[in-house]
Engineer: 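I am attaching a structure below and will ask some questions about it afterwards.
Each residue takes its place number in the sequence, starting with 1. Side chains are part of it too, since the values below use all heavy atoms of this structure and drop only hydrogens, waters and symmetry mates. Whatever order the structure lists them in is the order used to number ligands and atoms, beginning at 1.
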Amino acid sequence: MSDTPQPDDPREPLRQHLESLRSAGIEWLPREAGFVPPELTAPEPEPEPTPERPAVVALPVVPSATTAQTSLFAQPGAEQAAIPETVEGRLAELAELARRVADCVRCKELAEKRTQTVFGVGPLDPDLCFLGEAPGADEDAQGEPFVGAAGQLLNRIIIASGMRREDVFICNVLRCRPPGNRQPTLLEAENCREYLDRTLELVKPKVICALGATAVRNLLGIEQGITRLRGKWLKYRDFPVMPTFHPAYLLRTPAGKKDVWEDMKAILARLGRPVPGKSG
Ligand code: SF4
């Protein structure tokens, strides 16, 4: 059987492209060039139906196996309450903070219309904290951040990066759903900042990945679009912050997945973690 491609052979354009590269002196292509893990390129699954949950759920904070000995958050001059020295002490303060959040009515409209507050989920001392802008309808119903279609895509990003959802901390700038999924206001973000800051102090992630322009704006006061911000390291207090696209944007614009993968590789490099699928 001849290997000579026929005119209608679907491989012909690829063959011609490779020939043109070869004639330009390019003999090989690195695997990483344009490589996006299959977890991110698979078709989006149908969203799972929202399960019935009680209006109040326990704070799902799980202690990690190890506890960092050095604080990442020492900030000369910054006001910061002492951090409990033990894991039990940090968990107890997080639970108390979650109770205060559940009763919070600082943002009148949000407090009146929420089903429940959405505090955050994950272990102490994680390498990574994903930070979104605010709970959506699924999160408001279930009391956990990133559980809808965007959350499922975030799970695949985490898995593609060689981690499990339970290895990372996930929370939002706001703990209450803005009605109609409108953007949170800066005042609402300021109202909720005390809770965010204390959560980060107690959880101690090494790196924050800020998801979407609204999260970056409300965290850092930067008004630039996420297309210009993503991929560049920023800083919130003493936390390194990598901005990237929000998974909800990726559901509408899958072409952005390769950019998110580049940002995840930068995060993995900073954390000293291997990049799954990278040869050599
Ligand atoms: S968003 Fe934050 S500050 Fe506003 S009511 Fe909810 S918990 Fe309170």
Engineer: Could you confirm whether Cys104 has any N/O/S atom lying under 2.8 Å from atom 8 (Fe) of ligand 1?
Structural biologist: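 So Cys104 counts as coordinating atom 8 (Fe) of ligand 1, yes.
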Engineer: Tell me the protein heavy atom at minimum distance from atom 4 (Fe) of ligand 1, and give that distance in Å.
Structural biologist: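 Checking every protein heavy atom, the shortest distance to atom 4 (Fe) of ligand 1 gives Cys107 SG, 2.3 Å.
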Engineer: Can you give me the closest heavy-atom contact between Leu124 and Leu202, atom names plus distance?
Structural biologist: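 Nearest heavy atoms, Leu124 then Leu202: CD2-O, 3.9 Å.
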Engineer: Only heavy atoms of Asn191, strictly under 4.0 Å: list the atoms of ligand 1 that pass.
Structural biologist: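 Atoms satisfying the 4.0 Å criterion: 3 (S).
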Engineer: Tell me the protein heavy atom at minimum distance from atom 2 (Fe) of ligand 1, and give that distance in Å.
Structural biologist: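 In this structure, atom 2 (Fe) of ligand 1 has Cys192 SG, 2.3 Å as its nearest protein heavy atom.
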Engineer: Can you tell me if Arg228 has over 12 outside heavy atoms packed within less than 6.0 Å of its CZ?
Structural biologist: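 Count not over threshold, so no.
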Engineer: With a 6.0 Å cut-off on the ring centroids, do Phe146 and His246 count as close?
Structural biologist: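 Ring centroids of Phe146 and His246 are less than 6.0 Å from each other.
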Engineer: To the nearest 0.1 Å, how far is atom 6 (Fe) of ligand 1 from its closest protein heavy atom, and which atom is that?
Structural biologist: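 It is Cys176 SG, 2.3 Å.
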Engineer: Can you measure from CD (Glu201) to CG (Asp238) and round to the nearest 0.5 angstrom?
Structural biologist: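 The CG atom of Asp238 is 10.5 Å from CD of Glu201, to the nearest 0.5 Å.
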Engineer: Between Arg106 and Glu190, does any NZ, NE, NH1 or NH2 come within less than 4.0 Å of an OD or OE carboxylate oxygen?
Structural biologist: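 Not counted as a salt bridge, because no side-chain N and carboxylate O are separated by less than 4.0 Å.
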